[in-house]
Amino acid sequence: NEEWFTVQPFVARFASSRLDATQPDAAARIHSRAVSWLRSHGLAELAVEQALIAGDDAAVAEILEENHLAWIREGRSRMCLEWTEALPEGTLLQRPRLAAAASVAATLVGQGTIARRRFLQMVDQARAEGCPGIDSYVDALDSMIRSGAVEGDVGRAISHGRHAVELSEQAVDEVRVAALAGYAQALYFGGEDADAWECASRAIEHPNAEHRPLGHAFARSTLALIAIERQRLPLARTHLERARAALGSIGSTRGWLGAQATTASGCLLAAEGELAAAERELATAEVLFRDEVSSLHHVWVLLLLARVRCRRGRIREGGADLAAGQSELADLADPGRIRALADDVAEEIETTRGRATAGEVIGRPSRAEVVVLRLLATDLSTTEIAEHLHLSPNTVRSHIRAVYRKLGVSNRADAVARADALGLLN
């Protein structure tokens with residue numbers, strides 16, 4: 001039974017300096033022995049740290065190759081990515097399995113499109129050069145991540161997804177759940193909901209789906225989205241809760257897959273009429289999906305956010321989201337169903353804007369009514385507005401009725417939209 005001891009930093013620095021002075025080559029040998037000992041005792045992460053200190057790239061690459069899949073499944077994609085990025089490009093070209101795994105890790109961490117593309121280019125180069133490390137596993141990972149990330153071309157993503165699933169069924173079961181999940185979402189963006197449902201269902205029905213939380217959560221999020229489209233909201237809630245539980249079990253709620261689940265949550269809340277909560281969820285997903293370059297997922301959530309804000313009467317904010325989404329949409333080769341979504345949102349915003357500016361305004365709200373009106377544009381309830389203004393709820397309700405009458409509207413969203421159009425919210 002080995003015991004661990006803590007060495008005070010100043011003692012460690014002194015010992016290290018003395019060792020360097022008396023035996024300059026000893027430190028590297030000690031770190032190398034530590035790598036071997038740690039690996040033999042199942043302490044792979046500590047072994048990588050020692051190998052990095054020793055400058056032993058071969059050992060780092062070997063340990064990463066042995067453990068990357070388990071670490072990624074455990075939610076440690078950022079760690080895998082950082083260690084892989086510390087390796088020379090030549091090492092990755094000789095070990096394309098690591099480059100493919102790093103492309104997956106970069107995607108899962110979020111905001112990693114540039115890194116993902118760089119690693120996938122290494123896989124392409126290794127394949128072109130006939131590297132012996134290219135095998136079915138590498139090809140399956142490569143096709144799986146190209147499908148799930150979509151990269152602005154839904155048609156190609158569907159093709160990659162189909163190939164990934166075929167490879168996983170033939171020889172690479174380790175990635176089958178993730179491959180099915182990526183393919184399902186590509187089909188969803190292609191408007192093929194029935195096939196997407198069948199594919200995602202196969203993913204969660206895999207015997208080991210529960211032990212592959214990332215692919216499991218990905219598939220559940222897509223099932224939730226399709227269930228919302230079919231107006232099966234309780235079922236959508238079930239899939240969404242299972243997706244979030246899977247991600248929560250490995251601490252991955254804030255990454256790229258977390259953004260998928262958060263987007264599905266925003267869509268579900270909007271379908272349930274909880275527009276304020278839907279806006280909060282979609283605004284969170286928008287931040288998580290932001291990247292250095294245009295992406296289909298970011299366009300998607302911008303358009304969903306624009307629609308919810310429009311329905312809350314916040315036309316200017318919704319219009320700004322729509323414009324941002326349309327700008328990025330122009331960079332996508334084949335956005336699938338997202339183009340129709342953009343057209344629908346644009347039409348809805350224009351209709352709402354027209355309705356807000358039409359009709360007779362009976363009178364301008366008083367200063368007190370304008371204060372209440374501006375708070376109607378927030379998430380606060382009537383009771384919360386009263387508390388915020390130190391008024392009674394009855395007084396606030398009286399102000400709200402007066403605002404509705406003067407603006408010629410009958411509900412909160414229309415009041416906010418009319419006020420926005422008239423510049424009363426500025």
Side-chain angles (χ1 to χ4, degrees), residues 20 24-40 43-74 76-149 151 156 160 163-164 167 171-172 174-175 178-179 256 291-293:
D20 289 341
D25 300 328
R29 293 197 303 273
I30 291 171
H31 286 303
S32 294
R33 288 202 301 272
V35 170
S36 298
W37 187 90
L38 290 165
R39 290 182 69 182
S40 68
L43 301 171
E45 292 177 50
L46 294 176
V48 171
E49 293 174 358
Q50 290 295 313
L52 288 169
I53 295 171
D56 190 344
D57 292 336
V60 173
E62 190 173 317
I63 298 168
L64 275 170
E65 200 163 52
E66 291 172 356
N67 295 278
H68 69 270
L69 184 57
W71 285 340
I72 288 174
R73 283 178 179 167
E74 293 167 4
R76 290 185 277 182
S77 294
R78 188 178 299 278
M79 178 188 77
C80 290
L81 181 61
E82 290 174 353
W83 285 344
T84 306
E85 289 179 327
L87 294 172
E89 183 174 327
T91 300
L92 296 179
L93 288 173
Q94 293 303 310
R95 294 177 181 267
R97 178 173 289 215
L98 283 184
S103 73
V104 176
T107 302
L108 294 174
V109 166
Q111 302 175 337
T113 300
I114 298 300
R116 177 178 66 246
R117 291 175 180 176
R118 184 173 71 251
F119 287 121
L120 289 177
Q121 286 171 0
M122 291 182 193
V123 174
D124 289 339
Q125 183 178 343
R127 186 180 290 109
E129 295 176 0
C131 174
I134 295 290
D135 56 15
S136 297
Y137 180 81
V138 173
D139 286 339
L141 277 187
D142 178 78
S143 293
M144 180 268 292
I145 200 60
R146 292 179 192 270
S147 173
E151 283 282 11
R156 289 183 62 189
H160 283 301
H163 183 56
L167 287 171
V172 198
E174 300 100 310
V175 301
W256 188 79
D291 212 330
E292 299 175 75
V293 296

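Sequential numbering from 1 along the given sequence is applied to the chain's residues.
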For [X] against [Y], the heavy-atom pair lying closest together:
| X | Y | answer |
| --- | --- | --- |
| Ser103 | Leu120 | OG-CD2, 3.6 Å |
| Leu38 | Gln50 | CD1-CG, 3.6 Å |
| Trp256 | Gly148 | CH2-O, 3.3 Å |
| Ile72 | Ala101 | CD1-O, 3.9 Å |
| Ile63 | Ala47 | CD1-CB, 3.7 Å |
| Pro96 | Ala126 | CB-CB, 4.0 Å |

Who are the side-chain contact (heavy atoms from CB on, under 4.5 Å) partners of His160, not counting sequence neighbours?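 If we apply the side-chain contact (heavy atoms from CB on, under 4.5 Å) test to His160, skipping adjacent residues, the hits are Ser143, Arg146, Ser147, Arg156.
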With a 4.5 Å limit on heavy-atom distance, are the side chains of [X] and [Y] in contact?
| X | Y | result |
| --- | --- | --- |
| Arg39 | Leu43 | no |
| Val60 | Asp56 | no |
| Tyr137 | Val175 | yes |
| Thr91 | Gln94 | no |
| Val104 | Phe119 | no |
| Met79 | Val48 | no |

Test side chain to side chain contact (heavy atoms under 4.5 Å, CB included) on Arg97 and Asp135; report intermediate values, then the result. CA-CA 8 Å; Arg97 178 173 289 215; Asp135 56 15; 2.8 Å; yes
Go through it in stages, so that I can follow the logic: the residues are Arg73 and Glu174, the test is side chain to side chain contact (heavy atoms under 4.5 Å, CB included), and I'd like the CA-CA distance, side-chain angles, deciding distance and then a yes or no. CA-CA 11 Å; Arg73 283 178 179 167; Glu174 300 100 310; 3.9 Å; yes
Nearest 0.5 Å, what's the [atom1]-[atom2] distance between [X] and [Y]?
| X | Y | atom1 | atom2 | answer |
| --- | --- | --- | --- | --- |
| Glu62 | Asn67 | CD | CG | 10.5 Å |
| Leu52 | His31 | CG | NE2 | 11.0 Å |
| Ser77 | His68 | OG | NE2 | 11.0 Å |
| Ile53 | Ser32 | CD1 | OG | 11.0 Å |
| Leu167 | Ser136 | CG | OG | 6.0 Å |
| Leu93 | Gln121 | CG | CD | 11.0 Å |

Checking [Y] against [X]: is there a side-chain donor and acceptor pair closer than 3.5 Å?
| X | Y | value |
| --- | --- | --- |
| Arg116 | Thr107 | yes |
| Gln125 | Glu129 | yes |
| Thr113 | Asp291 | yes |

Check against side chain to side chain contact (heavy atoms under 4.5 Å, CB included), Arg127 and Asp142: CA-CA 11 Å; Arg127 186 180 290 109; Asp142 178 78; 4.0 Å; yes
Could you go through residues 80-90 and list every donor-acceptor pair under 3.5 Å that involves a side-chain atom there, pairing it with any protein atom two or more places apart or in another chain?
from  : atom 1 : to     : atom 2 : distance (Å)
Thr84 : OG1    : Cys80  : O      : 2.7
Glu85 : OE2    : Arg118 : NH2    : 3.3

